[in-house]
Amino acid sequence: MLLLHSHLHHLNLQFLSPHSSFPSSFPSSKFTTLPFPTPISSSYTHRFRRITNSATNDKLNEPEKKKPLQQTVTRAYPFHEIEPKWQQFWDQYRTFRTPDDDLDTSKPKYYILDMFPYPSGAGLHVGHPLGYTATDILARFKRMQGYNVLHPMGWDAFGLPAEQYAINTGTHPKLTTVTNINRFTSQLKSLGFSYDWDREISTIEPEYYKWTQWIFLQLLKRGLAYQAEVPVNWCPALGTVLANEEVIDGVSERGGHPVVRKPMRQWMLKITAYADRLLEDLDDLDWPESVKEMQRNWIGRSEGAELEFCILDSDGKERDIQIVVYTTRPDTIFGATYLVVAPEHSLLSSLISTAQSNHVEDYIDLASKKSDLERTELQKEKTGVFTGCYAKNPANGEAIPIWVADYVLGSYGTGAIMAVPAHDSRDYEFALKYDIPIQWVVTPDDKSISESGKAFPGEGIIVNSSNTLMGLDINGLGSKEAALKVIDWAEKSGNGKRKVNYKLRDWLFARQRYWGEPIPVIFLDDSGETVPLDETELPLILPELDDFSPTGTGEPPLAKAVSWVKTTDRLSGRPATRETNTMPQWAGSCWYYLRFMDPNNSKELVDKAKERYWGPVDVYVGGAEHAVLHLLYARFWHKVLFDIGVVSTKEPFQCVINQGIILGEVQYMACRDKDGNLISADSTNMLNEHNLERISEEKVTKSGDSFVLKENPEIRLVARAHKMSKSRGNVVNPDDVVSEYGADSLRLYEMFMGPLRDSKTWSTSGIEGVHRFLGRTWRLIVGLPLSDGTYNDRTVSVDEEPTIEQLRCLHKCIAKVTEEIEGTRFNTGISAMMEFLNAAYKWDNHPRSVVEAFVLLLSPYAPHMAEELWSRLGHSKSLAYEPFPKANPAYLKESTIVLPVQINGKTRGTIQVEETCTEEDAFALASTDEKLSKYLDGQSVRKRIYVPGKILNVVLDRKNIKVGVQ
């Protein structure tokens with residue numbers, strides 16, 4: 001819809017239903033016709049005008065010049081004519097439009113959704129259509145099964161790349177984004193995806209983000225949005241806050257400037273309030289178990305205790321300060337030989353001795369330059385500094401040192417831990433490095449473990465854990481029983497309490513950037529009070545700016561829009577200042593699936609009746625990289641909307657499928673030694689020791705499990721496939737593939753490469769194979785080309801009744817393709833169609849009824865070819881809503897069976913017979929069987945016992961039995 005076809009405005013077109021008749025060469029008098037509006041003239045398109053004829057715009061994210069594939073191929077059929085024809089037809093007649101107000105809700109629904117893309121300047125590569133083709137096959141299949149199908153597409157269009165481009169070039173990010181959307185739209189349409197483009201949405205449009213802002217206000221009303229001082233990545237040289245992905249090894253990605261962690265006022269969303277529900281409701285979802293486990297680990301619910309350690313002064317006396325630690329292993333409290341606090345712990349300044357002051361301050365400064373991820377890497381060597389202060393272990397009264405270390409985060413738990421080096425590998429490494437005592441308090445069942453010189457983190461029998469003065473003795477107890485006893489003791493003695501904790505942190509919901517949704521609150525100038533905008537004031541529209549660069553002061557770029565920032569409170573009339581942070585990119589993608597249900601509603605986020613019908617999403621397909629954050633945030637918002645009555649389901653996505661990735665073509669590398677001589681790559685660690693040289697595929701052959709040089713098989717090569725990236729030069733542009741082989745070939749190949757969920761390696765020779773399959777299909781049905789290279793307008797099928805064998809072959813294919821589509825095993829569905837085609841080429845004729853059924857089977861996979869064949873078969877309507885063929889069980893039974901044959905009651909072999917085989921025929925077959933004939937030749941048969949379909953027993957006259965045969 002965003003890629004405008006301006007010439008259509010001048011055509012006198014007619015509107016037809018999704019069951020529209022074909023163009024004028026076919027009769028359409030039996031269909032009701034209405035004046036056909038311009039296919040792309042919707043309110044959304046007028047809001048979202050295409051950017052054209054702009055010198056500046058011509059330079060935006062200019063696509064790479066097309067590179068030809070490895071070789072020019074001969075077209076196996078005229079896809080270059082067929083595909084544009086049917087794409088135009090679907091576009092003009094809105095074939096895949098899902099009715100809105102006039103929807104027949106008595107029919108079953110099927111809501112299938114792709115994770116909508118960020119429209120980057122690079123456009124699509126061949127990895128993107130993998131998931132899109134899978135969902136399109138399912139959508140087309142379900143339409144043909146009589147479902148109301150909702151299959152929309154839109155754009156997650158706010159994002160850092162467009163803003164960075166704006167900073168670098170001065171081009172408004174909306175211009176860049178619209179250009180990119182137009183390119184994406186063109187590419188998606190060229191692949192024949194059956195999206196309902198009337199429902200297209202973009203997160204950057206005010207009509208959309210009005211409701212994102214509305215959801216924020218609901219969160220604010222319920223105390224689920226709040227402000228807090230939170231550490232951010234601050235780059236003094238650039239004068240801006242950087243996203244985590246913009247910081248590499250403590251410096252900015254742009255310019256390599258030092259980055260420090262600095263506390264700043266931020267908006268937070270209280271996702272932790274929904275932690276238990278987010279965890280519990282995972283059990284009812286049809287998601288990959290790996291994704292559910294990742295979410296469980298991210299939420300990280302644990303049960304344990306908060307224990308208090310009193311701080312000691314220099315004389316060893318207790319001060320009126322306690323450090324609270326959280327532990328899931330209170331049974332190991334007697335093994336706590338030191339405490340560790342995070343560099344940002346609120347009490348740290350009161351713990352530092354004069355002698356250690358400079359060391360601690362230097363360490364805190366060093367830690368501030370690291371991200372949380374860098375600080376908690378398991379492989380990283382642990383570092384820390386002694387504070388010069390001690391605390392009392394409440395279980396045994398011993399004084400233990402307090403250290404500061406960056407592997408403890410202030411944002412998790414209490415920001416402090418009790419370290420038990422004998423039973424935690426991280427604490428063990430730290431204790432060894434800094435010569436801290438290690439006290440063994442849990443004895444494993446396997447005694448050798450305690451003598452291994454390593455920490456034992458498991459459970460066992462408690463030892464060395466008794467102190468009568470403190471009133472605690474857990475010696476001899478198992479870990480679980482001991483933990484409960486320690487918690488009871490702590491609560492009774494005032495040294496702690498039972499506690500449930502989560503790894504999940506509240507969601508940082510602010511960016512110091514321009515290109516995002518404005519946050520709908522103001523701050524009163526005289527009091528600083530936060531005042532939410534009234535819902536009638538939405539959308540709060542992002543103001544236009546000419547300068548998108550950082551302010552240099554830490555204030556977001558929106559602070560430059562002074563006339564927009566300075567405002568008045570609507571109710572009191574008092575002067576106020578708008579919030580200048582914007583929402584993160586995650587915001588718009590948290591609820592977009594709801595807007596697709598009702599995209600033009602200006603009065604509410606989604607109509608309740610429409611949501612009740614369409615929700616939840618039946619199948620949601622996208623990359624595994626979104627397994628945690630996007631899916632978790634969307635589930636959180638959905639549960640809030642459920643609580644306030646906006647949605648009727650507890651969860652947004654019933655089934656999630658993660659498609660695999662498509663790797664670039666295999667690259668072959670030869671190794672050279674320091675003298676430049678080719679050497680065999682006996683192991684991949686040689687890659688770091690020798691120069692590598694790229695070897696072209698035609699110079700390579702396979703030898704056993706290895707690849708070698710054709711001219712010198714002694715030289716083994718390294719063969720690797722990498723994720724597609726510009727830096728590796730292995731990106732395959734789908735536009736090039738479509739030009740060379742056609743969209744149907746690309747669709748079919750991506751499904752044929754292997755199971756949808758697995759990673760796969762691109763191969764140009766592989767796509768040539770499926771292209772030949774489509775060519776054979778075309779020739780089987782249309783016939784060979786005429787002398788001038790063109791084809792007949794009709795087909796070579798005949799109006800004859802199919803044979804039983806043809807029906808068996810067809811219905812076996814129908815059953816297999818249906819089963820494999822429903823199971824998303826698309827590759828084996830294609831194999832079934834290939835087997836059918838091979839069989840059909842052996843037939844003398846091809847009955848129309850069989851050919852038509854096969855074309856319908858093919859249509860979800862190769863819709864352009866199928867539509868063309870359907871038309872040539874004499875049909876005047878699109879096949880998009882034709883009933884999908886159903887397998888007749890009568891034709892699925894095997895026509896032959898294996899019949900055991902006994903001679904004098906002893907099984908001597910088997911024969912293959914028709915189910916209806918007579919006794920005479922069965923005996924005749926047995927008599928001519930190579931193995932059985934030696935028992936029967938020249939023998940006198942006394943009687944035969946024949947049970948049809950079960951057994952043939954031949955009883956011989958014993959006096960005539962050949963000697964030695966038995």
Side-chain angles (χ1 to χ4, degrees), residues 229 231 234 236 250 258-263 306-327 332-372 374-378 380-422 424-439 455 495:
E229 290 283 320
W234 170 251
V259 176
V260 298
R261 300 283 282 172
K262 173 183 176 181
E306 280 188 352
L307 302 174
E308 295 182 1
F309 288 71
C310 191
I311 307 304
L312 303 177
D313 62 19
S314 57
D315 296 326
K317 296 180 180 179
E318 295 184 9
R319 296 170 58 187
D320 191 23
I321 304 176
Q322 289 83 31
I323 288 182
V324 178
V325 304
Y326 172 77
T327 177
T332 63
I333 187 169
F334 282 91
T337 57
Y338 65 103
L339 298 182
V340 181
V341 297
E344 56 272 16
H345 195 285
S346 59
L347 293 179
L348 180 56
S349 60
S350 61
L351 305 177
I352 307 170
S353 69
T354 303
Q356 290 295 104
S357 178
N358 289 338
H359 298 297
V360 174
E361 287 178 6
D362 289 345
Y363 187 81
I364 292 172
D365 180 63
L366 187 66
S368 72
K369 298 175 182 178
K370 299 179 183 179
S371 68
D372 289 354
E374 291 175 299
R375 286 170 54 177
T376 55
E377 283 178 336
L378 293 177
K380 182 180 75 71
E381 183 182 3
K382 307 301 180 288
T383 62
V385 173
F386 176 43
T387 64
C389 188
Y390 291 81
K392 185 177 80 171
N393 185 325
N396 56 22
E398 294 180 2
I400 58 176
I402 304 172
W403 287 68
V404 57
D406 63 6
Y407 72 83
V408 176
L409 301 177
S411 59
Y412 178 65
T414 64
I417 65 165
M418 68 175 203
V420 185
D424 182 281
S425 57
R426 183 181 57 178
D427 298 342
Y428 181 79
E429 293 173 17
F430 193 91
L432 284 180
K433 181 176 181 178
Y434 294 106
D435 198 24
I436 301 172
I438 298 172
Q439 176 68 34
N495 286 308

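Remember, it's a predicted structure, so these values are computed and weren't measured experimentally.
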Please name all residues satisfying side-chain contact (heavy atoms from CB on, under 4.5 Å) with L432, sequence neighbours left out, ordered by chain then number.
Y428, I438
M418 and I333: CA distance, side-chain angles, deciding distance, side-chain contact (heavy atoms from CB on, under 4.5 Å) verdict:
CA-CA 8 Å; M418 68 175 203; I333 187 169; 4.3 Å; yes
Can you sort out the partners of E318 under side-chain hydrogen bond (donor to acceptor under 3.5 Å, both in side chains), two or more places apart, ordered by chain and number?
K392
Could you tell me whether the side chain of K433 and the main chain of K382 form a donor-acceptor pair under 3.5 Å?
yes
Listed once per pair and sorted, the salt bridge (charged side-chain N to carboxylate O under 4.0 Å, His left out) pairs that draw on residues 348-364, sequence neighbours left out
none
How long is the gap from CD1 on I323 to CG on L339, to the nearest 0.5 Å?
5.5 Å
Report the C-alpha separation of H359 and I352 in whole Å, then their side-chain angles, then the decisive distance to 0.1 Å, and conclude whether the side-chain contact (heavy atoms from CB on, under 4.5 Å) test is met.
CA-CA 10 Å; H359 298 297; I352 307 170; over 6 Å; no
Ignoring hydrogens and geometry, is there a side-chain-to-backbone donor-acceptor pair from Q356 to F386 under 3.5 Å?
yes
If you look only at pairs with a residue in residues 396-418, which of them pass as a salt bridge (charged side-chain N to carboxylate O under 4.0 Å, His left out), with sequence neighbours excluded?
K370-D406, K380-D406
Partner set under side-chain hydrogen bond (donor to acceptor under 3.5 Å, both in side chains) for T383, not counting sequence neighbours
Y363
Closest approach of S353 to G388 (non-hydrogen atoms, all atoms of both residues):
OG-CA, 3.4 Å
Non-neighbouring partners of F334 that pass ring pair (Phe, Tyr, Trp, His ring centres under 6.0 Å), sequence neighbours left out
none
What pair of heavy atoms forms the shortest contact from V420 to T332, and how long is it?
CG2-OG1, 3.6 Å
Can you name the residues that form a salt bridge (Lys or Arg N to Asp or Glu O under 4.0 Å) with D365, not counting sequence neighbours?
K369
Could you tell me whether a side-chain N or O of S425 sits under 3.5 Å from a main-chain N or O of A455, the two making a donor and an acceptor?
no
Closest heavy-atom pair, A416 versus V324, reported as atoms and distance to 0.1 Å, is CB-O, 3.9 Å
Just to verify, what does F430 make a ring pair (Phe, Tyr, Trp, His ring centres under 6.0 Å) with, not counting sequence neighbours?
Y338, W403, Y407, Y434
Ignoring hydrogens, what is the shortest heavy-atom contact between R319 and Q322? Give both atom names and the distance.
O-NE2, 4.2 Å
Of V340, I436, I417, T337, which is the lone residue that meets side-chain contact (heavy atoms from CB on, under 4.5 Å) with D427?
I417
Any residue meeting side-chain hydrogen bond (donor to acceptor under 3.5 Å, both in side chains) with K262, in chain and number order, not counting sequence neighbours
none
Check residues 343-351 and write down every donor-acceptor pair under 3.5 Å in which the side-chain atom is one partner and the other belongs to a residue at least two apart or another chain.
residue, atom, partner, partner atom, Å
E344, OE1, R375, NH1, 3.3
E344, OE1, R375, NH2, 3.4
E344, OE2, R375, NH1, 3.4
E344, OE2, R375, NH2, 3.3
E344, OE2, G410, N, 2.8
H345, ND1, L347, N, 3.0
S350, OG, L347, O, 2.7

How many angstroms lie between atom CG of D424 and atom CD of E429, to the nearest 0.5 angstrom?
9.0 Å
For N495, which residues count as a side-chain hydrogen bond (donor to acceptor under 3.5 Å, both in side chains) partner, sequence neighbours excluded?
S493
In residues 307-316, what donor-acceptor pairs under 3.5 Å come from side-chain atoms, sequence neighbours left out?
residue, atom, partner, partner atom, Å
D313, OD1, D315, N, 2.9
D313, OD1, G316, N, 3.0
D313, OD1, K317, N, 2.8

